[in-house]
Every structure is written in structure tokens, then in C-alpha cells.
Amino acid sequence: KPAKRLSDSNSEGAAAGEISALEEAFRKFAIHGDTRATGKEMHGKNWSKLCKDCHIIDGKNVTTTDVDIVFSKIKGKSVRTITFEQFKEALQELSKKRFKGKSDEEALREMYKLIEGKGPDLTGVTKTVASPTVSRLTDTSKFTGSHKERFDASGKGKGRAGREDLVDNSGYVSGYKHAGTYDHKVQGNK
């Protein structure tokens with residue numbers, strides 16, 4: 001689905017395209033880092049992340065303090081989140097500070113352009129490394145000695161059975177190799 005569909009002749013269609021792309025970005029940031037989030041409300045932490053990742057915070061006109069103040073001003077007294085409508089209000093307020101020389105509408109359009117189509121940056125996230133050294137160390141078919149005994153033929157770990165010698169305590173004498181064969185021997189002799 002295209003996030004943005006603009007036509008020069010229809011300014012209303014352009015605004016609708018901008019809003020849908022803006023709402024998509026809002027949802028991406030709203031669910032970031034929270035498995036229970038629905039994407040309809042955004043926490044202050046995610047609001048700050050959106051402002052940093054989309055370069056709304058420039059360090060001169062808009063700072064992290066400004067972003068936090070606007071968030072606490074827009075949200076309700078006993079609420080910790082903002083809705084999409086409150087999000088647009090917060091952007092309108094920040095756009096006046098970020099783009100001082102422009103009209104309110106133009107500043108808001110510039111603010112939307114910063115956010116549209118963006119998602120949370122994944123900086124500092126650990127990535128898996130597929131190096132030959134790591135694959136050799138984790139390939140259980142190449143293990144030898146006592147380490148080989150810890151895994152079955154498919155490479156799945158045996159758990160405690162692979163780490164310790166488990167004693168069979170079943171029967172009259174523990175460790176008796178021919179356990180369960182008495183009935184077979186007795187019936188075989190008859």
C-alpha cells in the first residue's frame with residue numbers, strides 16, 4: 001500500500017496522503033519496545049525517540065527539554081500516553097519552534113515531511129555474526145570426547161542425561177543389565 005499519493009492539482013488528496021503516512025510513522029514508534037502496545041497511543045519514551053530519530057530535535061531551536069514539556073502539556077493529567085490527535089497537536093506546537101521563519105501551515109508541512117515514512121532506528125541492537133569460527137564452535141557433529149556424548153545424532157542436547165552419569169535405580173539390584181527378562185526366561189523354559 002503506498003504511504004503517500006500526491007497530486008499537484010488536488011491539495012486535499014495531498015493532505016490525506018500525508019496524514020496516512022504520518023499515522024503509519026506514529027504507529028511504528030508507538031509499538032516500538034512494547035509487546036502489549038496497540039499502536040493507538042504513544043508513551044513519552046517513544047515520543048522522545050520519534051523526535052530524536054526524525055531529527056525534530058536540532059539542539060538549537062528544539063531540545064529534549066522542549067519535547068518533554070510539549071508532551072506533558074498535551075497529555076491528560078492522569079494519563080501517560082497521547083493519542084494520534086494529541087500527537088498532531090504536539091507536532092503543531094513544536095513546528096512553530098523548529099521552523100521559526102515560516103508560516104504555521106508551512107512549518108507543520110515541513111514537520112510532517114521529517115516524520116513521514118520513518119520508523120524507529122535500531123542503533124545499538126546486537127546482531128548475530130555468521131563467521132566460520134562461531135559456526136565451527138557450535139557445530140555439534142565436530143565435537144569429540146565427553147562433549148560428543150552431550151548431544152544426540154540430530155545435534156539436540158540431551159540435557160542432564162548428557163552431563164551426568166545417571167544411575168538406573170529400578171529393580172531389585174540397581175544397574176542390573178538383564179532387567180525385565182525374568183518372565184521371558186521362566187516362560188521360555190516351560
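Note that the structure is a prediction, hence the values are computed from the model and not measured.
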Apply salt bridge (charged side-chain N to carboxylate O under 4.0 Å, His left out) to E105 and list each qualifying residue two or more places apart in sequence or on a separate chain.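 Not a single residue meets the salt bridge (charged side-chain N to carboxylate O under 4.0 Å, His left out) criterion with E105.
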
Can you name the salt bridge (charged side-chain N to carboxylate O under 4.0 Å, His left out) partners of E93, sequence neighbours left out?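 Salt bridge (charged side-chain N to carboxylate O under 4.0 Å, His left out) check on E93 returns K73.
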
Do the side chains of [Y] and [X] get nearer than 4.5 Å, heavy atoms only?
{"X": "C51", "Y": "V62", "result": "no"}
{"X": "V79", "Y": "E41", "result": "no"}
{"X": "V70", "Y": "L91", "result": "no"}

State the [atom1]-[atom2] distance between [X] and [Y], to the nearest 0.5 angstrom.
{"X": "K102", "Y": "R109", "atom1": "NZ", "atom2": "CZ", "answer": "9.5 Å"}
{"X": "I74", "Y": "E89", "atom1": "CD1", "atom2": "CD", "answer": "5.0 Å"}
{"X": "C54", "Y": "E116", "atom1": "SG", "atom2": "CD", "answer": "10.5 Å"}
{"X": "L50", "Y": "N46", "atom1": "CG", "atom2": "CG", "answer": "9.0 Å"}

Please identify each residue that fulfils side-chain contact (heavy atoms from CB on, under 4.5 Å) with F71, with sequence neighbours left out.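 Per chain and number, F71 pairs via side-chain contact (heavy atoms from CB on, under 4.5 Å) with W47, K75, I82.
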
Got a sec, which residues hit side-chain contact (heavy atoms from CB on, under 4.5 Å) with Q92, two or more places apart in sequence or on another chain?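 Scan of Q92 (side-chain contact (heavy atoms from CB on, under 4.5 Å), adjacent residues dropped) gives L108.
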
Pairs of donor and acceptor atoms involving the side chains of residues 28-40, under 3.5 Å and at least two apart or interchain, shall be tabulated with distances.
unit_1, atom_1, unit_2, atom_2, d
D34, OD1, R36, N, 3.3
T38, OG1, K40, N, 3.4

For [X], side chain to side chain donor-acceptor pair (under 3.5 Å) partners two or more places apart:
{"X": "T64", "result": "none"}
{"X": "D66", "result": "T63, K97"}
{"X": "K77", "result": "none"}
{"X": "R27", "result": "E23"}

Less than 3.5 Å apart, any donor N or O on the side chain of D104 or S95 sitting next to an acceptor on the other?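 No, no side-chain donor-acceptor contact under 3.5 Å.
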
Does atom NZ (K158) have a neighbourhood of more than 12 heavy atoms from anything else shown, all under 6.0 Å?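 Enclosed: over 12 neighbouring heavy atoms sit under 6.0 Å from NZ of K158.
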
Only counting residues at least two apart or in another chain, list the ones meeting ring-ring contact (aromatic ring centres under 6.0 Å, His included) with F26.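 Here the qualifying residues are F84, F87.
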
side-chain hydrogen bond (donor to acceptor under 3.5 Å, both in side chains): pairs with one or both residues in residues 51-62, sequence neighbours excluded: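 Sorted pair list: K49-D53.
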
Could you please spell out the steps behind the side-chain contact (heavy atoms from CB on, under 4.5 Å) verdict for T81 and H43? CA-CA 5 Å; T81 57; H43 287 278; 3.5 Å; yes

List, by chain and then residue number, the residues other than F143 in its hydrophobic cluster (Ile/Leu/Val/Met/Phe/Trp/Tyr, side-chain heavy atoms under 4.5 Å); write none if there are no others.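 For the cluster that includes F143, the remaining residues are F151.
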
Indicate the atoms forming the closest heavy-atom contact of I115 with A25, along with that distance.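 Closest approach of I115 to A25: O-CB, 3.5 Å.
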
